[in-house]
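Take a look at the structure below.
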Number of protein chains: 2
Amino acid sequence: MSWKLDSDRPIHTQLQEILQTQIASGALPPGSKMKSVRELATEAGVNPNTMQRAFAELERLNLIRTERTAGRFVTEDAARIAVAKDEIAMAQLELFRKKMKQLGFEKKEIVDFVRSKWEEEEDG
Amino acid sequence: MSWKLDSDRPIHTQLQEILQTQIASGALPPGSKMKSVRELATEAGVNPNTMQRAFAELERLNLIRTERTAGRFVTEDAARIAVAKDEIAMAQLELFRKKMKQLGFEKKEIVDFVRSKWEEEEDG
DNA sequence: ATGCTTGTATTAAGCGCTTAATACAGTAGT
DNA sequence: ACTACTGTATTAAGCGCTTAATACAAGCAT
């Protein structure tokens, strides 16, 4: 697990994004049991309260479900997960496009820029 | 001027990024005089101290120069500006690529995704 | 029943960011 | 000289995030 956190944004937000991405990608499969608050907090090197807060946000998004004493589980709603994945991807693309436009790139130039940076490497 | 600030990251960082982008894009031309701390702070709706801090960071990056009582000026070093623009663009692309990969997209899929989202629109 | 695990809640403390309210030094225009 | 503008610095206050240290309720395995 990565848990690379920076100090520029609230940690609970970053934890939420990391877990959300893992759910969207299928790294955390639908219906699977998640590690406990305390265990994940230790892994990530944060306070349990902070991890708890990240979980609360994921629950608000209907990406996980809580069973009071058994633990937390990734939703089994595959459609919900697919939507989340597409929403994140679109948001990222839009973010990238907007920033490039602010820098003065036209759409055609963006495509050229991406090509010039990617054609040199092998697939990864 | 936009000055769209969110509360999720330090304001001085966001101000710094906005100004940096304006310099990189040429919206603030090389050698041009910048507005005063107080004026920009009022425009952005932030405290002068906070805007001051953003300026200090831009100066550390050699993107602006300060004349004690006259004001601040965008650097005339066009090469420095070009480098900044390229660095920002590369960083944004890398950010996008990394996030998409975390979501489970292969490079080919990323390209397809971008195409599918962009081919429908006219140039913007 | 005991012990271990689960989620959840509370309190106090520290820290950085942000603001408000000033103040000072230096330059330019009148 | 006076005024208005520059950048710069200081102080105090408030706020949210984060941590540490607990504590409690509920289920499960033995």
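Model, not experiment: these values are computed from the prediction. Residue numbering restarts at 1 for every chain, and letters A, B, ... go by the order of the sequence lines.
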With the side chain of Val46(B) defined as its heavy atoms from C-beta on, choose the nearest nucleotide among dT19(C), dG7(C), dT19(D). dT19(C)
Closest to the Asn47(A) side chain, choosing from dT19(C), dT19(D), dT18(D): dT19(D)
For Glu57(B) and dC17(C), give me the distance from atom CD to atom P, rounded to whole Å. 9 Å
Whole-Å gap separating P (dC17(D)) and CE (Met51(A)): 17 Å
Candidate nucleotides dA20(D), dG7(D), dT19(C), ranked by approach to the side chain of Asn49(A) - the nearest: dA20(D)
Rounded to whole Å, please give me the gap between CD in Glu67(B) and C1' in dA28(C). 13 Å
Under-4.0 Å side-chain N/O to phosphate OP1/OP2 contact, Thr50(A) with dC17(D): no
For a quick test of reading the model: is some side-chain N or O of Ser36(A) closer than 4.0 Å to OP1 or OP2 of dT6(C)? yes
Walking DNA chain D from its 5' end, the first of Pro48(A) and Thr69(A) to be reached, judged by nearest nucleotide, is Pro48(A)
Taking the basic N atoms (NZ, or NE/NH1/NH2) and the acidic carboxylate oxygens, is any pair closer than 4.0 Å for Lys117(A) and Glu94(B)? no
Let me know the distance between CD1 of Ile11(B) and P of dA20(C), rounded to the nearest Å. 11 Å
Residue whose nearest DNA chain D nucleotide is more 5′ - Gly45(A) or Arg68(A): Gly45(A)
Counting heavy atoms from C-beta on, name the nucleotide in dA20(D), dT18(C), dG7(D) closest to the side chain of Arg72(B). dG7(D)
Would you indicate, yes or no, if dT6(C) has its OP1 or OP2 atom less than 4.0 angstrom from a side-chain nitrogen or oxygen of Arg38(A)? no
